[in-house]
Each structure stands twice: as C-alpha cells, then as structure tokens.
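Just so you know, residue 1 is the first one in the sequence shown, and it goes up from there.
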Amino acid sequence: FLEMFQAGAEFIEKTLKNLTTSTDAVAVVHSTDLVIEAIVENQKIKNELFKRLDKFAPEHTIFASNTSSLQITQLANSTTRQDRFGGLHFFNPVPMMKLVEVIKTPMTSQKTFESLVDFSKAVGKSPVSCKDTPGFIVNRLLVPYMMEAVRLFERGDASKEDIDVAMKLGAGYPMGPFELLDYVGLDTSKYIIDGWHSLEPNNPLFAPSPLLNKLVEEKKLGKKTGEGFYKYK
C-alpha cells in the first residue's frame with residue numbers, strides 16, 4: 001500500500017512540474033497551439049469564453065471543447081475558426097481512462113482533425129472519432145441506459161440494489177447504473193437528458209424521469225452531497 005501511495009505522490013509531483021497555471025486565459029492564449037476548454041457545462045458561458053479567446057489566439061491555434069453533451073458546432077459558431085475547432089472529450093478520472101472521443105464537425109478541417117488525433121495519442125490516450133451527434137459515442141449509449149435503469153426501478157420491476165448487482169455481474173460493468181449516476185452527479189445527468197429532450201422531445205430514450213427530477217429538487221445529487229439514489233454519510 002505504501003508503494004502505491006508513493007507512486008501516486010510521484011505521479012502528482014511529476015505532472016504538476018509540467019504545468020503552469022493562470023487565471024487570465026486571454027494573457028496566455030497568445031502563445032498556444034491548442035486550447036482545450038473544460039469549464040461549466042453551459043452553452044452561453046462556453047460561447048462567451050470562446051468568442052473572447054478567438055480574438056487573442058494566433059490564427060493557427062486549434063480550439064477544442066471537452067463538453068460531454070453540448071453540440072461542438074454551436075460552440076464553433078461563436079468563433080471565426082470553425083475549421084480549426086473540434087471536440088476532445090476526455091473521461092473521468094482522466095489519468096486512469098485511456099479513451100478520448102475526437103469530434104469532427106462538418107466544418108472541421110481534415111488537418112485539424114488529424115492534429116487532434118495525434119495530440120490524443122501523444123498524451124497516451126486511445127482516440128476514437130465521432131460526428132457531432134448528441135452525446136457522441138459513450139454518453140449517447142450510456143445516458144439512455146442509466147435512464148432506462150431508473151425507469152425500471154420507478155415501475156417497481158426491480159430494486160436499485162438488484163439492478164446494480166445484475167449489471168455488474170451479468171454485463172461485467174465496473175459500477176451499476178445507480179452507483180454510476182451517483183458518481184456522475186444527478187444534476188449533471190438531469191442536465192444532459194433535459195438538453196437532449198428539448199432537441200428530440202418525441203424520442204422515448206430522452207424522456208425525463210420524475211424520480212430523478214425529485215431527487216435533484218431535493219438537492220440529493222449523489223456522492224458529492226452525501227446522498228443520491230444511495231446514502232454516503
């Protein structure tokens with residue numbers, strides 16, 4: 001255990017040595033080749049940031065968003081560099097997860113796309129590519145699956161605990177859907193499904209859940225608040 005702790009501490013120290021930080025994005029963006037945005041999942045706030053950075057970044061600089069649910073095209077349209085704009089969706093926890101989804105919009109140039117793929121490989125990740133479709137690959141399959149688990153529970157067909165055990169032992173998933181919802185955050189999950197529901201109101205996979213809405217309203221957001229579908233206190 002001590003060896004693992006020391007290895008973890010060394011990894012953190014080594015990583016931090018490679019980083020410089022600033023709270024003034026405009027001041028540092030003039031010397032960057034790639035800007036990856038990973039701020040709050042809010043279209044308006046992201047657009048405002050990109051619009052501002054677009055004015056100060058060099059012409060060759062590529063912009064990318066780490067969004068998991070918003071349209072890359074809409075973000076790119078807030079800039080004048082739609083051809084140098086794509087998605088780089090990393091997975092949490094980033095040091096452990098090898099996957100990066102590289103998102104190409106209809107305006108992203110092939111050169112930009114290849115640069116984003118090369119960058120992903122250079123930082124030791126395994127890139128996959130996807131068009132600019134809601135949720136890309138992973139979340140487009142994962143979020144409806146988690147919502148279907150909630151509906152199964154809402155109907156009284158099975159308990160939360162049994163659904164989680166079934167998916168771990170029957171499908172080989174590391175976490176059950178309710179454990180995963182609590183880990184991701186119920187507010188985040190609700191935000192994603194609400195956004196997709198507004199885009200495709202007739203799609204049953206994107207239907208909101210009364211139970212999920214109720215828990216969020218009660219500020220039971222999962223692990224981060226000590227209670228969601230399960231209690232963590």
Answer yes or no: does atom CD of E13 have more than 12 heavy-atom neighbours from other residues, nucleotides or ligands under 6.0 Å?
no
Taking atom NZ as the centre, does K223 end up with more than 12 heavy-atom neighbours from other residues, nucleotides or ligands that are less than 6.0 angstrom away?
no
Knowing that exactly one of [options] qualifies, which makes a side-chain contact (heavy atoms from CB on, under 4.5 Å) with [X]?
X    : options          : value
P127 : L116, V117, L88  : V117
F91  : V100, L99, N66   : L99
F113 : D118, I103, V102 : V102
T67  : L75, I39, N42    : L75

Measure across [X] and [Y] and return the closest heavy-atom pair with its distance rounded to 0.1 Å.
X    : Y    : answer
S189 : V184 : OG-CG1, 3.8 Å
E154 : P210 : OE2-CD, 3.3 Å
P204 : R151 : O-NH2, 3.6 Å
G228 : L215 : O-CD2, 4.0 Å
S129 : I137 : O-CD1, 3.8 Å
L53  : V26  : CD2-N, 4.1 Å

About how many Å separate [atom2] of [Y] and [atom1] of [X], when rounded to the nearest 0.5 Å?
X    : Y    : atom1 : atom2 : result
F63  : D54  : CZ    : CG    : 5.0 Å
I72  : T133 : CD1   : OG1   : 11.5 Å
L180 : M146 : CG    : CE    : 5.0 Å
L169 : D164 : CG    : CG    : 10.5 Å
K17  : I12  : NZ    : CD1   : 13.5 Å
T112 : Q82  : OG1   : CD    : 11.5 Å

For the pair [X] (side chain) and [Y] (backbone), establish whether a donor and an acceptor sit closer than 3.5 Å, ignoring hydrogens and angles.
X    : Y    : result
Q74  : Q43  : no
K125 : M97  : yes
T32  : V35  : no
T108 : F85  : yes
R52  : A25  : no
R84  : K111 : no

ILVMFWY network linking [X] to [Y], side-chain heavy atoms under 4.5 angstrom:
X    : Y    : answer
I45  : Y191 : no
V94  : L34  : yes
V143 : L70  : no
L181 : L211 : yes
Y183 : F153 : yes

Could you walk me through whether E41 and K46 pass salt bridge (charged side-chain N to carboxylate O under 4.0 Å, His left out), step by step?
CA-CA 8 Å; E41 197 73 338; K46 286 182 190 286; 3.4 Å; yes
Would you mind reporting whether [Y] and [X] have side-chain heavy atoms less than 4.5 Å apart?
X    : Y    : result
H89  : N139 : yes
E200 : L205 : no
V150 : F178 : yes
L186 : F229 : yes

So, D132 and T105: side-chain donor and acceptor under 3.5 Å apart, yes or no?
no
Does any donor atom in the side chain of Q6 or E10 lie under 3.5 Å from an acceptor atom in the other side chain?
no
Can you say whether the rings of W196 and F206 are parallel (under 30°), tilted (30 to 60°) or perpendicular (over 60°)?
tilted
Derivation of the side-chain contact (heavy atoms from CB on, under 4.5 Å) call for D182 and Y232
CA-CA 10 Å; D182 278 354; Y232 299 90; 2.7 Å; yes
Pairing residues for E48 by the salt bridge (charged side-chain N to carboxylate O under 4.0 Å, His left out) criterion, not counting sequence neighbours
K44
Using the ring of Y230 (Phe, Tyr or Trp, six-membered ring only), decide whether K160 places NZ or CZ under 6.0 Å from its centre and within 45 degrees of its axis.
yes
